[in-house]
Amino acid sequence: MRLSQYFLPLLKETPKEAQIASHRLMLRAGMVQQSSAGIYSWLPLGKRVLDKIENIVREEQNRAGALEILMPTIQPAELWQESGRYDDYGAEMLRIVDRHDRNMLYGPTNEEQITDIFRAHVRSYKALPLNMYHIQWKFRDEVRPRFGIMRGREFLMKDAYSFDLDGDKARAAYNRMFVSYLKTFARMGLTAIPMEADTGPIGGDMSHEFIILAETGESGVFFHKDWMNINLDADIDYNTDLQPFVDKFTSLYARADDMHDPENCPVPSDDLMSLRGIEIGHIFYFGTKYSETMGATVSGPDGKPVPVHMGSYGIGVSRLVGGIIEASHDDKGIIWPDAVAPFGVAIINLKPGDAICDAQADQLYQQFDNAGLEPLLDDRNDRPGAKMASMDLIGIPWQIVVGPRGMEHNMVELKRRKTGETAEMSPDSAVTKILNG
RNA sequence: CGGAGCGUAGCGCAGCCUGGUAGCGCACUAUACUGGGGGUGUAGGGGUCGUGGGUUCAAAUCCCGCCGCUCCGACCA
């Protein structure tokens with residue numbers, strides 16, 4: 001992409017409403033524009049990041065055996081009346097009446113919808129296990145939206161729903177999602193710690209919030225210090241028993257403040273980390289709550305009808321954009337992890353119109369483009385300082401500066417955004433270095 | 001939903017108290033110089049002062065209503 005042909009409305013000054021880093025930087029970097037309280041338009045740069053995150057989530061869900069579907073944003077009230085949640089949900093549910101006077105709602109989640117799909121088509125236990133997910137916009141009419149995209153009213157979420165014959169098999173489904181979440185977040189450059197969460201009326205130990213560490217996190221988190229050294233690189237075969245792997249992770253203490261009791265904490269205070277975090281995912285098993293009320297049963301091996309055991313697994317896709325920024329930025333701007341960066345490399349042509357600089361910048365652009373690295377070429381006629389500050393702000397992982405001074409002896413400057421390190425080298429060396437990570 | 005604020009040019013703000021020609025910085029347009037970390041000069045464009053009503057000879061300014069947005073708290077992916 002050439003910057004001269006792009007839409008990147010950068011702000012030099014911070015809009016006063018933005019208090020936390022991610023909100024401030026997303027506005028300044030021209031990623032989003034607020035439409036109304038807690039509702040945002042995604043501009044080209046923001047949309048690119050959102051798509052990157054969404055695709056990582058999608059790939060890992062598919063890898064774990066979940067099947068992608070797409071359910072509607074607008075749902076009929078009848079389904080929610082069946083489950084009893086139409087009355088329970090309260091004012092956070094946005095209710096809509098259509099022209100025929102039918103009660104509809106903008107979905108805050110999709111348990112009812114998926115259960116309706118399941119019960120319409122699945123009759124036998126032989127069709128199990130089944131796990132289906134979608135990535136869809138949701139709406140919760142928060143009393144007080146805040147922190148920009150992090151706690152908006154409209155948000156993009158991945159939610160998966162598993163169906164199994166009994167609780168043991170449901171645990172296997174739960175474990176697959178547990179593991180896939182660790183892998184998903186690791187791919188985004190995040191350390192996400194699964195924390196025991198309240199299981200509500202179901203009880204048991206099958207609910208975890210996945211929380212990333214960030215100073216501005218909304219909840220306090222407490223965990224064993226060994227969490228900081230855990231290696232997630234293990235290659236996972238989802239067809240094997242994942243319990244030992246899950247046990248390895250859940251054996252270490254980790255709880256958010258609502259579940260943490262300082263009086264009865266098993267971790268000695270010297271080993272206990274107390275930091276802040278942002279919830280980016282939540283998985284839980286809820287048994288037959290919806291299958292019983294909504295009649296989602298299958299014939300078991302003995303021919304008798306059995307309500308299926310379900311679990312649901314959410315990832316806040318749009319929230320992750322803000323979460324990653326909270327976890328990765330400095331006073332100059334965003335520092336995107338490579339996997340979610342909107343562009344892989346920025347080429348700064350310091351002197352557009354100069355034949356040599358133009359030719360070199362174009363050549364680099366072609367090389368990176370061919371390599372699938374999604375280069376962004378700054379070909380605007382602007383001050384050098386302004387260009388560099390822009391690229392720092394939008395956080396492109398690599399920057400290559402092509403200028404007349406360097407080109408006199410065939411050198412460009414390569415900068416790594418994360419470390420701030422710069423080095424002069426030949427254009428070819430720069431390409432090699434970037435392509436090799 | 002309790003408490004507290006704020007709405008004046010695209011963004012950040014002053015002006016309001018004490019009513020009398022709507023301002024500043026950045027951004028934008030043109031132009032010249034400049035050019036390796038957010039340059040300088042010159043000349044420009046852009047505002048029904050959130051909105052409706054009231055008071056007044058006169059309202060951005062005073063009074064009342066409404067709308068929108070933000071912050072703290074309670075609540076939440």
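Just so it is clear, the structure is predicted and the values come from calculations on it, not from any experiment. For the numbers below, each heavy atom of this structure counts, side chains included, while hydrogens, waters and symmetry mates do not. Reminder, nothing fancy here: chain letters follow the sequence lines and each chain counts from 1.
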Salt bridge (Lys or Arg N to Asp or Glu O under 4.0 Å), that's the test. Do A/Glu111 and A/Lys289 meet it? Break it down for me.
CA-CA 10 Å; A/Glu111 278 84 4; A/Lys289 176 176 175 183; over 6 Å; no

Criterion side chain to side chain contact (heavy atoms under 4.5 Å, CB included) on A/Met31 and A/Ile149, from CA distance to verdict:
CA-CA 11 Å; A/Met31 294 177 66; A/Ile149 220 70; over 6 Å; no

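Taking 3.5 Å as the limit, the base of B/G36 and the side chain of A/Lys351 contain no donor-acceptor pair of atoms between them. Residue A/Asn381 places a side-chain atom within donor-acceptor reach of the base of B/G35, judged by atom type and a 3.5 Å distance cut-off alone.
For A/Asp392, counting side-chain heavy atoms from C-beta on, the closest listed nucleotide (B/G12, B/G37, B/G36) is B/G37. You'll find that the side chain of A/Ala37 is closest to B/C69, out of B/C26, B/C69, B/A77. Side-chain proximity of A/Arg319 to the nucleotides B/U70, B/C76, B/G36 is greatest for B/C76. Candidate nucleotides B/C11, B/G38, B/G36 were compared by shortest atom distance to the side chain of A/Ser390, and B/G38 ranks first. Of the candidate nucleotides B/G37, B/C6, B/C69, B/G37 has the atom nearest to the side chain of A/Ala389. Nearest to the side-chain atoms of A/Arg146 among the listed nucleotides B/G36, B/A74, B/U70 stands B/A74.
Between A/Arg144 and the phosphate of B/C72, there is a side-chain N or O to OP1/OP2 separation shorter than 4.0 Å. Note on A/Gln34: a side-chain N or O is less than 4.0 Å away from OP1 or OP2 of B/U70. The side chain of A/Arg151 places no N or O atom within less than 4.0 Å of a non-bridging phosphate oxygen (OP1 or OP2) of B/C76.
Within the 4.0 angstrom heavy-atom criterion, only backbone atoms of the sugar-phosphate kind lie near A/Glu17; the bases stay farther away. Across all strands shown, A/Arg153 has no heavy atoms under 4.0 Å from either base or sugar-phosphate atoms. Among the heavy atoms of the strands, none lies under 4.0 Å from A/Glu209.
A/Asp379 places a side-chain N or O within 3.5 Å of a backbone atom of A/Ser4 that can act as its donor or acceptor partner.
Look at B/U61: it lacks any Watson-Crick or wobble partner with both distances under 3.5 angstrom. Across all strands shown, B/U18 forms no Watson-Crick or G-U wobble pair with both key distances under 3.5 Å. The base-pairing partner of B/C13, taking Watson-Crick or G-U wobble contacts with both distances under 3.5 Å, is B/G23. Nucleotide B/C28 has B/G44 as its partner under the Watson-Crick or G-U criteria, with both atom distances under 3.5 Å. The partner of B/C69 is B/G5, by the rule that a Watson-Crick or G-U pair needs both atom distances under 3.5 Å. Partner assigned to B/U56 is none, using Watson-Crick or G-U wobble distances below 3.5 angstrom.
Distance CG (A/Asp378) to P (B/G36): 15 Å, rounded to an integer number of Å. Taking atom CD1 of A/Ile394 as the reference point, atom P of B/G38 lies 18 Å away to the nearest angstrom. We find that CD of A/Glu111 is positioned 12 Å from C1' of B/A77, with the value rounded to whole Å. Rounded to whole Å, atom P of B/G38 lies 16 Å from atom CG of A/Leu10. Atom CZ of A/Arg383 and atom P of B/G39 are 6 Å apart (whole Å).
Heavy-atom nearest nucleotides on RNA chain B were determined for A/Gly281 and for A/Lys332, and the one closer to the 5' end corresponds to A/Lys332.
Taking the six-membered ring where tryptophan is involved, the planes of A/His134 and A/Tyr161 are tilted, since the angle between them lies from 30° to 60°.
For the residue pair A/Gly30 and A/Leu43, the shortest heavy atom distance occurs at O-CB, 3.3 Å. The heavy-atom pair separating A/Ala66 from A/Tyr133 by the smallest distance is CB-CD2, 3.6 Å.
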